[in-house]
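Remarks on the structure that follows.
For ligands, and for the atoms within them, numbers begin at 1 and follow the listed sequence.
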Amino acid sequence: MSWTKVASLSEVPVGAMKQVTIDDLDIAIYHTDQGFYATSDVCTHASAFLTDGKLVGCIVECPKHGGKFNVTNGEPTAFPCVIPVETFPIEMRNDEIWVEA
Ligand code: FES
């Protein structure tokens with residue numbers, strides 16, 4: 001595990017999400033009104049990208065079947081998702097967003 005700069009603050013305004021790739025891992029970063037979070041971008045139900053879905057507050061809705069996850073802890077909140085998505089440490093350094101993966 002190591003820290004990687006993945007984006008600048010201006011690329012991910014509040015309410016937005018962005019897919020980044022670190023060592024072949026597809027990771028979603030989210031800018032919620034509670035701060036930044038990062039999870040695997042791959043839905044645990046059937047492998048859609050969560051960043052192609054919708055972010056409402058701290059809940060991301062998968063575009064494929066409408067399952068949902070809490071981005072703060074990766075826990076599923078709506079069927080058919082029952083397996084959590086992996087979460088990753090994320091932090092701001094000046095105007096840069098860094099993820100540990
Ligand atoms: Fe995400 Fe089915 S692939 S809910």
* Can you hop from Phe88 to Val85 via hydrophobic side chains spaced under 4.5 Å? -> no

Within the distance-only criterion (no hydrogens, no angle test), does the side chain of Thr32 pair as donor or acceptor with the backbone N or O of Gly35 below 3.5 angstrom?
yes

Q. When clusters are formed by joining ILVMFWY residues with side-chain heavy atoms under 4.5 Å apart, either directly or through shared neighbours, do Ile22 and Ile29 land in the same one?
A. yes

Is there a donor-acceptor pair closer than 3.5 Å between any side-chain N or O of Asp41 and the backbone N or O of Asp26?
no

Practice prompt. Keeping the roles fixed (side chain from Ser40, backbone from Val42), state whether a donor-acceptor pair exists under 3.5 Å.
Written response: yes

Can you list the steps and then say if Phe36 with Leu9 is a side chain to side chain contact (heavy atoms under 4.5 Å, CB included)? CA-CA 10 Å; Phe36 284 92; Leu9 178 59; 3.4 Å; yes

If you count every protein N, O or S atom closer than 2.8 Å to atom 2 (Fe) of ligand 1, you should arrive at 2

